[in-house]
Chemist: 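Dropping the structure in here first, questions after.
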Amino acid sequence: MRQLPANHQSLLQSIALIDCNSFYASCERIFNPKLLGKPIVVLSNNDGCIITRSAEAKALGIKMGEPYFKAKKIIEKNNVKVFSSNYSLYGDISQRVMEILLGFSPEVEIYSIDEAFLNFKGFKNHELLTYCKHIRQTIKQWVGIPVSIGVGSTKTLSKIANHLAKKEADYEGICILKGDEKIEEALNRIEIGDVWGIGRRLSKFLRNYGVCTAKQFAFLDRRWIRKNMGVVGEKIQLELCGVSCLDLELLPSPKKSCCVSRSFSRPIEKIEELQESIANYGSRVAEKIREEGLIAQSMSIFVLTNHFNKKEKQYSSSIKLQLDYPTSDSKLIVKRAVEGIQRIYKESYRYKKAGIILYELHSSSSVRGLLDYDKPRTDSLMRSLDEINYRYGSATLRLAAEGIRRSWHMRREKVSPCYTTSFDQLMIVKS
DNA sequence: TCTGGGGTCCTAGGACCC
DNA sequence: TCTGGGGTCCTAGGACCC
């Protein structure tokens, strides 16, 4: 057998990827056990697309990212349970899972809402399986979420292992990918598009060159990869060959940008309504950076028409705007955003989406707002605003520019209760 | 009728300078 | 009229991730 292009010298290097199965669907099931074994889907904002499917829903042929209205027929015919996404619930459950994982390794990278990398450096291979079984069982028992675990000597290999643990029933949710032969055989079963970092475009490009599996990619000439795919491709190949290029990021790196954008529940034509919506998003994004103790120096806003609607004329525009000084003051950010809309708005288009992105974020304590004469007053005003909205619900207290009726506001027709984060929505046990 | 949102990183190309 | 070359920096846009 040919050797993989690089040796797996680091036998003791073990990284585990723990990934919650159909996370949002599993969250809904915790509080509604009747849903166990039943097909479930969870919808994106605005009840637009299907973003999570339980295993049963996948088996029915419902595709990831499919628009809800297109899948409605299958859904109704098979009595699939449908939920609008409920991020405060999922965020809370995620925290509970992550807290458990922090107890299983001193080095944990929380990679996304439903995934974490754990460093198992120094573990002997035969210990790994027992340990992973224990993790899986603990999370199931304490939180009620099923997880899959993949272990490999690099992040990319642990992703591959996780993929196999999920896809192939024999693994029973845990795949330890160790030993050159075993790795090579596994890479042979992985389609190129399922490799972490190879998306739609690259996978099409590679297939055109006859590279269809992860194994073929691992054996490609590295100079060719460098030339055609840049450093990104090169790193992926090295990682597949057991050479670690991606370190665990134990501390979350500071945010560089912060965005709030939404599609409207119906097309908007009037500038007043666009301004009202951008004022809302401005307010939310300012609130978000205040929560993290950040201030922004610049921002951009954007508007889009509905590009799916081929019959309508299309327009999209964005504009970059400077703030007078770094700030997290909702009033200033909203004011600038509303002015910005005036500059990019064009009449007689039907707008579908708008958004605001804040840039050049810094810690609010690290920068003295020399130009911000009003800083103490503003800070205390914003603090009160945040406290009231935290206690009485988001946007209870808001700027006049944000409007009252907000008829363009997003749809969320099938949302479950916030079982764990809202007192008035706690589960009631009747006896 | 109805098609998500929030991030990061990399690269190509233009502007500018000497 | 002819009009270099190399370096840096910035930005927009693309690709990817979940």
Side-chain angles (χ1 to χ4, degrees), chain A residues 17-24 41-53 63-73 75 82-87 90-91 94 109-117 155-156 159 162-163 192-206 226-236 245-246 249 252-267 281 284-285 288-289 292 298 300 302 304-312 316-320 350 352-361 410-414:
Chain A
L17 175 66
I18 288 88
D19 186 327
C20 302
N21 299 346
S22 310
F23 182 55
Y24 299 166
V41 297
V42 180
L43 305 178
S44 63
N45 277 335
N46 240 347
D47 294 347
C49 293
I50 290 159
I51 52 168
T52 304
R53 309 153 296 157
K63 288 195 233 50
M64 178 65 179
E66 197 170 19
Y68 175 41
F69 72 90
K70 280 191 183 168
K72 228 168 186 167
K73 234 182 211 168
I75 285 175
V82 180
F83 293 92
S84 303
S85 37
N86 181 347
Y87 290 107
Y90 310 152
S94 168
E109 173 185 340
I110 297 171
Y111 178 69
S112 74
I113 193 165
D114 68 337
E115 277 173 78
F117 290 101
K155 278 180 157 182
T156 307
K159 275 270 183 187
N162 192 287
H163 186 80
I192 188 66
D194 289 333
V195 174
W196 195 35
I198 308 278
R200 249 208 339 253
R201 202 201 126 262
L202 282 178
S203 128
K204 192 177 165 201
F205 172 76
L206 287 166
R226 174 75 201 213
K227 185 164 165 274
N228 291 284
M229 299 169 68
V231 286
V232 179
E234 207 177 353
K235 278 187 186 170
I236 296 172
C245 303
L246 308 169
E249 286 167 34
S253 42
K255 252 193 204 166
K256 294 171 179 166
S257 67
C258 187
C259 170
V260 169
S261 73
R262 291 281 180 285
S263 297
F264 310 127
S265 52
R266 58 168 173 80
Y281 308 157
R284 292 293 80 71
V285 78
K288 265 168 86 174
I289 64 166
E292 305 194 28
S298 62
S300 79
F302 62 88
L304 304 169
T305 52
N306 184 359
H307 62 278
F308 290 108
N309 193 336
K310 302 288 181 223
K311 286 181 217 149
E312 280 181 11
S316 73
S317 186
S318 68
I319 186 170
K320 186 138 194 185
R350 286 156 59 83
K352 178 60 183 168
K353 182 173 179 175
I356 174 166
I357 310 170
L358 301 182
Y359 292 108
E360 295 175 80
L361 303 178
M410 76 170 177
R411 234 186 336 257
R412 254 177 120 205
E413 284 167 359
K414 299 166 185 298

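First the proteins, then the strands, lettered A, B, ... as listed; each starts at 1.
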Chemist: Determine the Euclidean distance between corresponding C1' atoms of B:dC16 and C:dG4; express it in Å to zero decimal places.
Modeler: 15 Å
Chemist: Just how far, in rounded Å, is C1' of B:dT3 from NZ of A:K63?
Modeler: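 Roughly 13 Å, once rounded to whole Å.
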Chemist: Using a heavy-atom cut-off of 4.0 Å across all strands, would you classify A:I357 as base, sugar-phosphate, or nothing?
Modeler: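 Result for A:I357 = nothing.
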Chemist: Within this structure, what is the CE-to-P distance between A:M229 and B:dC9, rounded to whole angstrom?
Modeler: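 After rounding, the gap between these two atoms is 18 Å.
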Chemist: Is it the case that A:K352 places NZ or CZ above or below the six-membered ring of A:F308, under 6.0 angstrom from the centre and within 45 degrees of the axis?
Modeler: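 No, A:K352 and A:F308 do not form such a contact.
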Chemist: Is there a Watson-Crick or G-U wobble partner for C:dC18 with both distances under 3.5 Å, and which nucleotide is it?
Modeler: B:dG5
Chemist: Which distance, rounded to the nearest 0.5 Å, do you find between the CG of A:N45 and the OG of A:S265?
Modeler: 12.0 Å
Chemist: Which nucleotide, C:dC18, B:dG4, B:dT3, lies nearest any side-chain atom of A:F69?
Modeler: B:dT3
Chemist: According to a strict under-4.0 Å criterion, is A:K159 in side-chain N/O contact with OP1 or OP2 of C:dC18?
Modeler: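 Yes, because at least one side-chain N or O of A:K159 sits under 4.0 Å from OP1 or OP2 of C:dC18.
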Chemist: Can you tell me how far CZ of A:R412 sits from OG of A:S85, rounded to the nearest 0.5 angstrom?
Modeler: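 Output value for this atom pair is 6.5 Å.
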Chemist: When you measure from the side chain of A:D114, which nucleotide among B:dG4, C:dC18, B:dT3 comes out closest?
Modeler: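 So the side chain of A:D114 is nearest to C:dC18.
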Chemist: From the list C:dC16, B:dG5, C:dC18, which nucleotide is the closest neighbour of the side chain of A:R201?
Modeler: C:dC16
Chemist: In whole Å, what is the span from the CG atom of A:N46 to the P atom of B:dT3?
Modeler: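 My rounded result for the distance is 7 Å.
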Chemist: So which one's nearest nucleotide on DNA chain B is more toward 5', A:P267 or A:S263?
Modeler: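 Nearer the 5' end of the strand: A:P267.
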Chemist: According to a strict under-4.0 Å criterion, is A:K70 in side-chain N/O contact with OP1 or OP2 of B:dT3?
Modeler: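 The answer is no; no side-chain N or O of A:K70 sits under 4.0 Å from OP1 or OP2.
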Chemist: Quick one: A:N86 CG to B:dG5 C1', roughly how many Å, whole number?
Modeler: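 Distance, rounded to whole Å: 16 Å.
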Chemist: Figure out the NZ/P separation between A:K255 and B:dC9, and round it to whole Å.
Modeler: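 In whole Å, B:dC9 P and A:K255 NZ are 14 Å from each other.
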Chemist: Is the phosphate of B:dT8 approached by A:S253 (side-chain N or O, under 4.0 Å from OP1 or OP2)?
Modeler: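 A:S253 to B:dT8 OP1/OP2: no side-chain N or O under 4.0 Å.
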Chemist: May I ask you to decide if the ring planes of A:Y111 and A:W196 are parallel, tilted or perpendicular, using 30° and 60° as cut-offs?
Modeler: perpendicular
Chemist: Keeping A:K63 on the side-chain end and A:I50 on the backbone end, is there a donor-acceptor pair under 3.5 Å?
Modeler: no
Chemist: Which nucleotide in the set B:dG4, B:dC10, B:dG7 lies at the smallest distance from any side-chain heavy atom of A:F308?
Modeler: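 Ranking B:dG4, B:dC10, B:dG7 by closest atom to the A:F308 side chain puts B:dG4 first.
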Chemist: Between B:dC10, B:dG5, C:dA15, which nucleotide gets closest to the side-chain atoms of A:K353?
Modeler: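 The answer is B:dG5, which lies nearest to the side chain.
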Chemist: Considering every strand and a 4.0 Å limit on heavy-atom distances, what is the contact class for A:Y111: base, sugar-phosphate, or nothing?
Modeler: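 The answer is sugar-phosphate, as A:Y111 gets under 4.0 Å only of primed atoms, P, OP1 or OP2.
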Chemist: For the pair made of CG in A:L361 and C1' in B:dG6, what is the distance, rounded to whole Å?
Modeler: 13 Å
Chemist: Using OP1 and OP2 only, check whether a side-chain N or O of A:R262 sits under 4.0 Å from B:dG6.
Modeler: yes
Chemist: Compare the minimum distances between each of B:dG6, B:dT8, B:dG4 and the side chain of A:N45, then state the nucleotide with the smallest one.
Modeler: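 The nucleotide sitting nearest to the side chain is B:dG4.
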Chemist: In the structure I gave you, are the side-chain heavy atoms of A:E115 and A:L17 within less than 4.5 Å of one another anywhere?
Modeler: yes
Chemist: Quick one: label A:V285 by what it contacts on the DNA or RNA (base, sugar-phosphate, nothing), any heavy atom closer than 4.0 Å.
Modeler: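 Counting heavy atoms under 4.0 Å across all strands, no contact is made by A:V285.
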Chemist: Which part of the nucleic acid, if any, lies within contact of A:I113, taking any heavy atom under 4.0 Å across all strands shown: a base, the sugar-phosphate backbone alone, or nothing?
Modeler: nothing
Chemist: Once you round to the nearest 0.5 Å, how far does CD1 of A:I319 lie from CZ of A:F302?
Modeler: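 Rounded to the nearest 0.5 Å, the CD1-CZ separation comes to 14.0 Å.
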Chemist: With both distances kept under 3.5 Å, what pairs with B:dA12, Watson-Crick or G-U wobble?
Modeler: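 In the structure as shown, B:dA12 has C:dT11 as its Watson-Crick or wobble partner.
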Chemist: Closest to the A:P67 side chain: B:dT8, B:dT3, C:dC18?
Modeler: B:dT3
Chemist: Send over the distance from A:K235 NZ to B:dT8 P, rounded to a whole Å.
Modeler: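 It works out to 16 Å between those atoms.
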Chemist: Expressed as a whole number of angstroms, how long is the span from A:E413:CD to B:dC2:P?
Modeler: 14 Å
Chemist: Please determine if a side-chain N or O atom of A:K352 lies less than 4.0 Å away from the OP1 or OP2 oxygen of B:dT3.
Modeler: yes
Chemist: Go through B:dT11, B:dG4, B:dG7 for me and flag the one nearest to the A:C259 side chain.
Modeler: B:dG7
Chemist: Nearest to the side chain of A:S261 - C:dC17, B:dG5, B:dC10?
Modeler: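 Nucleotide nearest to A:S261's side chain: B:dG5.
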Chemist: With heavy atoms under 4.0 Å as the rule, sort A:E66 into base, sugar-phosphate or nothing.
Modeler: nothing
Chemist: Which listed nucleotide (C:dC18, B:dG4, B:dG7) is nearest to the side chain of A:W196?
Modeler: C:dC18
Chemist: At under 4.0 Å, does any side-chain N or O of A:K256 touch on OP1 or OP2 of B:dC9?
Modeler: yes
